[in-house]
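Comments concern the structure below.
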Protein chains: 2
Amino acid sequence: MLHIDNIEKYLRDHEISPSYQRKRIFEYLYNSKKHPSVNDIYSFLIDDIPTLSKTTIYNTLNLFIEKNIVDSIIIDGNELKYQICDSKKHGHFKCKSCNTLYDIQIDFDNLNIDSLKGFDIHEQSFYFVGICEKCKNNNKV
Amino acid sequence: MLHIDNIEKYLRDHEISPSYQRKRIFEYLYNSKKHPSVNDIYSFLIDDIPTLSKTTIYNTLNLFIEKNIVDSIIIDGNELKYQICDSKKHGHFKCKSCNTLYDIQIDFDNLNIDSLKGFDIHEQSFYFVGICEKCKNNNKV
DNA sequence: TTCTCTGCAAACGCTTTGCACGGAT
DNA sequence: ATCCGTGCAAAGCGTTTGCAGAGAA
């Protein structure tokens, strides 16, 4: 797991001038165990920053993506989710019942997929949808 | 690869009354090597069926999905792509250069991912983005 | 007739764009 | 004074919904 002890420095190191909004958005992403959407970020920060607009969140996230410190993922097709880039590649499992998005560690390097021979891979994504163990036990789905 | 020799019967067998539009949309999906979007289907069929509307394509595809004969996939986050359901699970590789979407055969059963133990998996998706061999050779990207 | 299918028009939700104000340097 | 970040308002785009007319049985 990526460890950052100084967000302001981290942003500067990635050529991002650390405005208050940008720091708070990054901080929320960094501390979040989930993979928040723009609305999640907005709902969380609006109490602290009453003037905050979603445009700023979109601007900021797109800047972060451009500077390669944040990734966007899409599971359902409705809204984008964001997460701090992590060198360790992982996939996702989305529980249909509780809507939790779990990180799934996958050893991509050992996949050895024949049909990918000769292709340059820049990005990869792997996800599952189903029912998580917790919901299976609680709700007997 | 799924083989269907009578589309009308295939639709009836899946509780779908085979209207002309539905047959043509299914036929296009079935013959298409790509994974067409609604716009792809519309562009292809509009010459033959000048009254065709995108609403009908959406209606039809959603009906097909409901009846489990078509899957929708999303790679980029902008528009949905559709494909005939195939029992053999596969992933996708999207070439950034030529925008081709390749099917990638993956042995999902042998993945043995520890963190998925105890989870019920209903859907799974696996994709890569990068440069395909053809584009590497042609354009020396 | 009755029921289903089609397709126009409008609505919807997420994201982007245009632009002007305000703060920092 | 200049530059950059912010945020309102509007536009954009893919998809869904409302609804009425056409067509099948």
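Residue numbers begin at 1 in each chain, while the letters A, B, ... track the order of the sequences. Here the structure is a predicted model, which is why all the values come from computation and not from measurement.
In this structure, the side chain of B/Lys54 does not engage the main chain of B/Tyr42 through any donor-acceptor pair within 3.5 Å. In terms of modelled atom types and a separation under 3.5 Å, the side chain of A/Asp13 and the main chain of A/Tyr10 share no donor-acceptor contact. With hydrogens and angles ignored, the 3.5 Å screen pairs no side-chain donor or acceptor of B/Lys94 with any backbone N or O of B/Tyr127.
For D/dT16, neither phosphate oxygen OP1 nor OP2 lies less than 4.0 angstrom from any side-chain nitrogen or oxygen of B/Tyr58.
Distance A/Leu11 CG to D/dC4 P: 18 Å, rounded to the nearest Å. Counting to the nearest Å, the P atom of C/dC14 and the CD1 atom of A/Ile74 are 11 Å from each other. In this structure, A/Glu79 atom CD and C/dC12 atom C1' are separated by 14 Å, rounded to whole Å. To the nearest angstrom, C1' of D/dT6 lies 13 Å from OH of A/Tyr42. Between the CG atom of A/Asn39 and the C1' atom of C/dC12 there is a distance of 14 Å, rounded to whole Å. The CG-P distance, from B/Asn62 to D/dG14, rounds to 16 Å in whole Å. Rounded to an integer number of Å, the gap from B/Ile57 CD1 to D/dC13 C1' is 16 Å. When the P atom of D/dT16 is taken as reference, atom CG of B/Leu80 falls 7 Å away, rounded to whole Å.
Using a cutoff of 4.0 Å between basic side-chain nitrogens and carboxylate oxygens, B/Glu133 and B/Lys136 are not scored as salt-bridged.
Using the six-membered ring where Trp is involved, A/Phe119 and B/Phe93 have ring planes that are tilted, between 30° and 60° apart.
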Tabulate below the donor-acceptor pairs under 3.5 Å that side-chain atoms of residues 55-68 of chain B make, not counting sequence neighbours, or state none.
| from | atom 1 | to | atom 2 | distance (Å) |
| --- | --- | --- | --- | --- |
| B/Asn59 | ND2 | B/Thr55 | O | 3.3 |
| B/Thr60 | OG1 | B/Thr56 | O | 2.7 |
| B/Asn62 | ND2 | B/Tyr58 | O | 3.3 |

Study note, to complete from the structure: Its contact letters, B for base, S for sugar-phosphate only and - for none at protein heavy atoms under 4.0 Å, make nucleotides 4-9 of chain C read -SSBBB
